[in-house]
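Atom set for the values below is all heavy atoms of this structure, side chains included, hydrogens, waters and symmetry mates excluded.
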Amino acid sequence: MPLIKWVQQSVWPRGGWSRAVRYMKLRLNRLPGTPDSIARGVFAGVFTAFSPFFGLHFVVAALVAKVVRGNVLAALLATFAGNPLTYVPIAIISLQTGHAILGSEFDSHNQRSVVGKFYDAGHDLIYNITALFSSGTPNWESVLRFGQEVFYPYLVGGLIPGVLAGLVAYFVSLPMITAYQKRRRGRLKSKFEELRRKAGALASKNKSR
């Protein structure tokens, strides 16, 4: 898939976000497992969306799901809560909460922006890796600044809203999944009864011959 098309579908999926949400809901409902384990997996995935481990959300969600005894597949699907439409508000909430807890403050007017610090840290990291194979001198200043002023506050600040959002997702998804599985069992039971009735009628018909 071309990069431009991939970016476009990441921001606006084919069919729109409402269709994407309905698809994710359907996939969650059809997962094997108890409603509680699936809902615990949803908690793990939503909680992970508030962590700063970008690119590793699947791994983190799977580990959290194991800890809370949740469905791993549900956790992976629920990381969908972190998407291009929610990353900005999630980052703002997590950073502000983190700085408040740590007693620090981020002044976007007098300091380089968060995006700028992402760029600086990434640039220095790539440079330092290439410096291992050249005569360059590694410089970790931007990486350390990013860790201290962005990553650590984000990590600390994402815990509280992550847990709250995860609990909301758990209590919303649990009755939904329970009701779906109950209806599905009812339909399967009805189909089984119908097949058994037809088999009995066929057996009776054969005996009467």
Side-chain angles (χ1 to χ4, degrees), residues 9-11 13 15-102 118 146-148 150-193:
Q9 291 199 10
S10 296
V11 176
W17 281 103
S18 59
R19 181 179 177 182
V21 170
R22 289 196 300 270
Y23 173 75
M24 297 301 294
K25 179 180 176 181
L26 181 64
R27 289 291 301 274
L28 283 172
N29 283 332
R30 291 184 173 180
L31 286 176
T34 66
D36 183 65
S37 68
I38 296 173
R40 286 171 182 262
V42 172
F43 166 87
V46 173
F47 170 79
T48 301
F50 284 78
S51 73
F53 297 102
F54 300 107
L56 296 173
H57 276 178
F58 277 4
V59 176
V60 176
L63 292 175
V64 175
K66 290 289 187 180
V67 171
V68 300
R69 293 180 296 175
N71 186 291
V72 174
L73 290 177
L76 300 183
L77 288 172
T79 57
F80 172 78
N83 57 72
L85 295 181
T86 60
Y87 275 139
V88 172
I90 286 176
I92 292 174
I93 292 172
S94 298
L95 282 170
Q96 289 182 345
T97 304
H99 281 293
I101 293 174
L102 297 172
F118 263 104
F146 170 80
Q148 181 180 358
V150 178
F151 183 84
Y152 185 53
Y154 198 134
L155 179 64
V156 174
L159 294 177
I160 295 176
V163 168
L164 293 177
L167 287 174
V168 170
Y170 171 85
F171 286 111
V172 169
S173 62
L174 180 59
M176 178 188 71
I177 297 168
T178 301
Y180 177 86
Q181 290 192 357
K182 186 176 181 180
R183 289 196 303 268
R184 190 178 184 185
R185 284 195 299 268
R187 289 195 298 266
L188 291 174
K189 184 178 180 180
S190 297
K191 289 182 179 179
F192 178 77
E193 291 293 338

Validation row: I101, I160 side chains within 4.5 angstrom (heavy atoms):
yes
Quick one, F43 and L167 - any side-chain contact, counting heavy atoms below 4.5 Å?
yes
Are any side-chain N or O atoms of T79 and backbone N or O atoms of L76, one a donor and one an acceptor, separated by less than 3.5 Å?
yes
I'd like to know if the side chain of Q96 reaches the main chain of G157, judged simply by a donor and an acceptor atom lying under 3.5 Å from each other, with no hydrogens or angles considered.
no
Mind checking whether Y87 and H57 have parallel, tilted or perpendicular rings, split at 30° and 60°?
tilted
Which atom names give the shortest non-hydrogen contact between S94 and G158, and what distance separates them?
OG-CA, 3.6 Å
Note: V60 and F53 closest approach over all heavy atoms is CG2-CB, 4.0 Å
Examine distances only and state if a side-chain atom of S51 and a backbone atom of T48 form a donor-acceptor pair shorter than 3.5 Å.
yes
By ring-ring contact (aromatic ring centres under 6.0 Å, His included), F58 pairs with (sequence neighbours left out) none
What's the shortest heavy-atom distance between A65 and V72, and which atoms?
CB-CA, 4.1 Å
What's the spacing between L164 CG and L159 CG if we round to 0.5 Å?
11.0 Å
Side-chain (T86) to main-chain (A81) donor-acceptor, under 3.5 angstrom
yes
Looking at R69, is its backbone amide N or carbonyl O close enough to the side chain of R40 to form a donor-acceptor pair, meaning the two atoms are under 3.5 Å apart?
no
Closest non-hydrogen atoms of Y154 and F54, given as atom of the first, atom of the second and distance, are OH-CZ, 3.6 Å
Could you tell me if the side chain of F171 sits less than 4.5 Å from the side chain of V42, heavy atoms only?
no
Smallest separation among heavy atoms of N71 and P32, with atom names
ND2-O, 3.0 Å
Answer yes or no: is there a side-chain heavy-atom contact under 4.5 Å between K182 and T178?
no
For the student: nearest non-hydrogen atoms of P153 and L95, plus distance
CB-CD2, 4.3 Å
Could you tell me how the ring of F151 sits relative to the ring of F146: parallel (under 30°), tilted (30 to 60°) or perpendicular (over 60°)?
tilted
Taking the side chain as C-beta and beyond, is there a heavy-atom pair between Y152 and L102 under 4.5 Å?
yes
